[in-house]
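Only one structure is covered here, and it is reproduced in the block below.
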Amino acid sequence: MPIYEYTCDDCAKNFEELVRGNAEPEKCPSCGSHAIHRKLSVPASPHSSGPGCAARDAGLCEPSTSSGCGCGGCCCHHH
């Protein structure tokens with residue numbers, strides 16, 4: 001069962017939901033609003049690096065001040 005990320009349009013809270021089959025959450029757990037939508041996520045892969053890194057290409061990785069990437073263990077390698 002996948003875990004999806006959602007955003008509430010009314011209170012702007014982000015939340016994750018374990019989804020079974022095609023079921024979607026009906027309301028925001030913070031405010032109870034039904035105005036929620038699934039966020040697009042970049043799949044993480046420890047084997048992606050170099051020019052094909054999906055997280056870096058999506059702008060999710062930022063160079064850290066130390067060596068390597070500041071994405072918390074992401075696959076990215078900044079050249």
Side-chain angles (χ1 to χ4, degrees):
M1 289 181 283
I3 297 175
Y4 291 114
E5 293 179 274
Y6 295 87
T7 298
C8 177
D9 294 332
D10 290 338
C11 71
K13 297 281 185 174
N14 295 316
F15 62 98
E16 295 179 347
E17 189 78 28
L18 181 65
V19 177
R20 297 175 186 220
N22 291 331
E24 295 282 334
E26 293 183 20
K27 60 184 180 179
C28 172
S30 295
C31 71
S33 170
H34 294 277
I36 58 174
H37 65 274
R38 188 187 311 175
K39 295 172 60 174
L40 289 177
S41 299
V42 176
S45 172
H47 302 292
S48 297
S49 64
C53 178
R56 186 193 62 233
D57 294 344
L60 299 177
C61 298
E62 297 177 14
S64 67
T65 55
S66 61
S67 63
C69 181
C71 60
C74 176
C75 59
C76 301
H77 299 282
H78 297 277
H79 300 285

Please list every donor-acceptor pair under 3.5 Å in which a side-chain atom of residues 12-31 meets a protein atom from a residue at least two apart or in another chain.
residue, atom, partner, partner atom, Å
N14, OD1, T7, OG1, 2.7
E24, OE1, Y6, OH, 2.6
E24, OE2, R38, NH2, 2.2

Closest non-hydrogen atom pair, C11 against C8: N-SG, 3.4 Å
Residue pairs fulfilling ring pair (Phe, Tyr, Trp, His ring centres under 6.0 Å) with at least one residue in residues 17-41, sequence neighbours excluded: none
